[in-house]
Peer 1: 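What follows is a structure written as structure tokens; I'll ask about it next.
Note that these values count all heavy atoms, side chains included, but never hydrogens, waters or copies made by symmetry. Proteins get letters first, then strands, A, B, ... in listed order; numbering begins at 1 in each.
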Number of protein chains: 2
Amino acid sequence: MSQEDAQIELETSVGYLLKEASSALRSAMEAVLRPLGMSVTHYSCLELLAQRPGLSNSELARGAFVTRQSMNVLLQALERDGFVSRPDQAAEGRALPTRLTELGRSRLTVASAAVRGVEDRMRSGLDAVEREQLRALLARCVTALTDPASDPAAPR
Amino acid sequence: MSQEDAQIELETSVGYLLKEASSALRSAMEAVLRPLGMSVTHYSCLELLAQRPGLSNSELARGAFVTRQSMNVLLQALERDGFVSRPDQAAEGRALPTRLTELGRSRLTVASAAVRGVEDRMRSGLDAVEREQLRALLARCVTALTDPASDPAAPR
DNA sequence: TGACTCATGTCAGCATTCTGACATACTCTC
DNA sequence: GAGAGTATGTCAGAATGCTGACATGAGTCA
């Protein structure tokens with residue numbers, strides 16, 4: 001059947017395009033990470049830890065856009081495989097600061113280069129000005145969606 | 001711990017912002033669809049069928065960015081609940097053209113209004129020119145990621 | 001001090017999506 | 001007509017993420 005005609009409203013929707021772009025990016029990342037035996041969430045967690053050492057489970061979950069329960073099972077696997085380490089007890093409060101091991105850091109180096117290649121390809125047709133435009137526009141969308149002040153349904 | 005400082009590179013990455021925006025949009029959609037007893041994929045499928053009646057399972061899957069296996073289980077549930085209908089046999093080939101029932105159409109009307117509200121909120125801070133800019137930039141990112149010609153790793 | 005609120009880590013169960021596999025149907029080529 | 005190649009629908013099992021729930025630690029306030 002025809003797949004390219006009858007584009008009524010979907011392709012003109014910012015939301016649909018956003019989902020399409022996100023899906024394409026995720027697929028491309030999976031394609032390059034799979035040969036390395038790593039998933040996207042896997043990589044996201046390690047990258048977060050490289051850039052902000054000592055993040056807790058909950059903080060990592062927020063940074064990777066998953067629940068803290070999901071991040072917890074992921075961290076247990078990463079710890080079992082020797083990519084990250086956590087103290088047995090919290091020095092203060094309940095948060096356990098997580099850190100990359102040397103093994104985790106070296107694995108991340110390879111993955112990071114692969115992912116950087118994907119992001120470069122995605123931005124290949126955009127010049128510096130357009131990239132900044134895209135960043136700014138996306139950031140404003142996030143703010144509009146997240147900021148409670150702009151949510152008429154949540155005045156409380 | 002601090003969550004707002006030490007923003008080294010993550011927030012300057014288009015890919016990360018794209019994921020953040022997509023996640024925020026999905027969360028907002030889930031929030032308004034949940035009271036209606038509908039999931040995002042649920043809604044996506046119905047919306048696709050409303051705008052392009054007669055799409056097959058595989059075509060719906062591509063439009064909703066899931067595998068055709070996932071869409072198949074979703075369609076079976078939607079059919080069981082009386083939201084969509086499919087012929088028992090294919091008139092030609094194997095593709096089964098799917099159509100909304102009256103019940104499905106009425107349910108979609110409510111959900112569609114709710115989702116439109118979310119998208120309006122997302123774009124609330126953007127004027128017409130900026131929305132068009134965002135659409136164009138996202139579309140170019142999708143092309144760059146999807147077009148095999150721009151993928152140096154897949155010349156074959 | 002005690003009650004309340006909030007954030008965190010973690011366990012268990014459920015839902016959703018994916019990968020792998022198979023059979024069927026059309027198209028193109030020889 | 002026979003074969004290869006591609007697209008489709010579908011089943012089964014595995015992986016992943018989520019919701020619900022509970023206990024712990026810290027801060028707030030009366």
Peer 1: Return the orientation label for the A/Phe65 and B/Tyr16 ring planes: parallel under 30°, perpendicular over 60°, tilted otherwise.
Peer 2: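 It falls in the tilted class, 30° to 60°.
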Peer 1: Could you check how far CG of B/Leu75 sits from P of D/dT8, rounded to whole Å?
Peer 2: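 About 14 Å, once rounded to whole Å.
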Peer 1: Mind calculating the distance between CG (A/Leu74) and P (D/dA15) to the nearest angstrom?
Peer 2: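 Atom CG in A/Leu74 sits about 15 Å away from atom P in D/dA15.
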Peer 1: For a quick check of understanding: with a heavy-atom distance under 4.0 Å over all strands, which category does A/Ser70 fall into, base, sugar-phosphate or nothing?
Peer 2: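 Result for A/Ser70 = base.
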Peer 1: Grab the CD-P distance between A/Glu59 and C/dG9 for me, whole Å please.
Peer 2: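 Rounded to whole Å, this separation is 8 Å.
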Peer 1: Separation of B/Leu60 atom CG from D/dA7 atom P, in whole Å?
Peer 2: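 In whole Å, D/dA7 P and B/Leu60 CG are 17 Å from each other.
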Peer 1: Please compare A/Arg68 and B/Asn57 by the position of their nearest nucleotide in DNA chain D and report the one closer to 5'.
Peer 2: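 Result: B/Asn57.
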Peer 1: Tell me which nucleotide among C/dG20, C/dT8, D/dT8 gets nearest to the side chain of B/Arg94.
Peer 2: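 Comparing C/dG20, C/dT8, D/dT8 against the side chain of B/Arg94, the answer is D/dT8.
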Peer 1: Considering the terminal five base pairs at each end of the helix from C/dT1-D/dA30 to C/dC30-D/dG1, what angle separates the two local helix axes, rounded to 10°?
Peer 2: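 The two end axes of the helix from C/dT1-D/dA30 to C/dC30-D/dG1 meet at 30°.
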Peer 1: In whole angstrom, give the distance that lies between atom CZ of A/Arg62 and atom C1' of C/dG9.
Peer 2: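 These atoms are roughly 13 Å apart.
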Peer 1: When you measure from the side chain of B/Ser44 to the backbone N and O of B/Ala64, does any donor-acceptor pair fall under 3.5 Å?
Peer 2: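 Checked: no pair found.
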Peer 1: Is a side-chain N or O of B/Arg131 found less than 3.5 angstrom from the main chain of B/Arg123, in a donor-acceptor match?
Peer 2: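 Such a contact is found between B/Arg131 side chain and B/Arg123 backbone.
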Peer 1: With a 3.5 Å distance limit and no angle check, can you tell me whether A/Arg107 reaches the backbone of A/Leu36 through a side-chain donor-acceptor pair?
Peer 2: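 Yes; at least one donor-acceptor contact below 3.5 Å.
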Peer 1: Looking at the side chain of B/Ala95, which of C/dG9, D/dG9, D/dT10 is the nearest nucleotide?
Peer 2: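 Selected nucleotide: D/dG9.
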Peer 1: Looking only at side-chain N and O atoms, does A/Thr67 come under 4.0 Å of OP1 or OP2 in D/dC18?
Peer 2: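 A/Thr67 to D/dC18 OP1/OP2: side-chain N or O found under 4.0 Å.
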Peer 1: Does C/dT17 have OP1 or OP2 under 4.0 Å away from a side-chain N or O of B/Thr41?
Peer 2: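 For C/dT17, OP1 or OP2 has a side-chain N or O of B/Thr41 closer than 4.0 Å.
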Peer 1: Using side chain to side chain contact (heavy atoms under 4.5 Å, CB included) as the criterion, point out the one residue from B/Val66, B/Leu75, B/Asn57 that pairs with B/Cys45.
Peer 2: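 Testing B/Cys45 for a side chain to side chain contact (heavy atoms under 4.5 Å, CB included) against B/Val66, B/Leu75, B/Asn57 leaves exactly one candidate, B/Leu75.
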Peer 1: Closest approach of B/Leu108 and B/Ala50, non-hydrogen atoms and distance?
Peer 2: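 That would be CD2-CB, 3.3 Å.
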Peer 1: Check this one for me: any side-chain N or O of A/Arg86 less than 4.0 Å away from OP1 or OP2 of C/dT10?
Peer 2: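 True: A/Arg86 side-chain N/O within range (under 4.0 Å) of C/dT10 OP1/OP2.
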Peer 1: Does a distance-only test, which skips hydrogens and angles, find a donor-acceptor pair under 3.5 Å between the side chain of A/Gln69 and the base of D/dG20?
Peer 2: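 Answer yes: a donor N or O sits under 3.5 Å from an acceptor.
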Peer 1: Rounding to a whole Å, what distance do you find between B/Gln89:CD and C/dA25:C1'?
Peer 2: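 Answer to the nearest Å: 13 Å.
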Peer 1: Distance check needed: C/dT16 C1' versus B/Tyr43 OH, whole Å only.
Peer 2: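 In whole Å, C/dT16 C1' and B/Tyr43 OH are 20 Å from each other.
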Peer 1: Measure from CE on A/Met71 to P on C/dG9 and round the result to the nearest Å.
Peer 2: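 To the nearest whole Å, that distance equals 11 Å.
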Peer 1: Please classify the nucleic acid contact of B/Ser39 as base, sugar-phosphate, or nothing, using heavy-atom distances under 4.0 Å.
Peer 2: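 Since no nucleic acid heavy atom lies under 4.0 Å of B/Ser39, the category is nothing.
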Peer 1: Between A/Glu30 and A/Ser58, which has a closest nucleotide on DNA chain C that is more 5'?
Peer 2: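 It is A/Ser58, whose closest nucleotide lies nearer the 5' terminus.
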Peer 1: Is it the case that the side chain of B/Ser22 and the backbone of B/Lys19 share a donor-acceptor pair, with hydrogens and angles ignored and the cut-off at 3.5 Å?
Peer 2: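 Checking the backbone N and O of B/Lys19 against the side chain of B/Ser22, no donor-acceptor pair under 3.5 Å is found.
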Peer 1: When you measure from the side chain of A/Thr98 to the backbone N and O of A/Leu55, does any donor-acceptor pair fall under 3.5 Å?
Peer 2: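 Yes: the side chain of A/Thr98 pairs with the backbone of A/Leu55.
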Peer 1: Respond yes when some side-chain nitrogen or oxygen of A/Gln76 is under 4.0 Å from OP1 or OP2 of C/dC11, and no when none is.
Peer 2: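 Checking C/dC11 against A/Gln76, a side-chain N or O does come within under 4.0 Å of OP1 or OP2.
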Peer 1: Side chain of B/Val73 only, please: which of C/dT17, C/dT19, D/dC18 is the nearest?
Peer 2: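 Closest nucleotide among those given: C/dT17.
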Peer 1: Under 4.0 Å, counting only non-hydrogen atoms across every strand here, what does B/Leu96 touch: a base, just sugar-phosphate, or nothing?
Peer 2: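 Sugar-phosphate: the residue B/Leu96, judged by heavy atoms under 4.0 Å, touches backbone atoms but no base.
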Peer 1: Does A/Asn72 have a side-chain nitrogen or oxygen under 4.0 Å from the phosphate oxygens OP1 or OP2 of C/dT10?
Peer 2: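 Answer yes for this pair, as a side-chain N or O of A/Asn72 is under 4.0 Å from OP1 or OP2.
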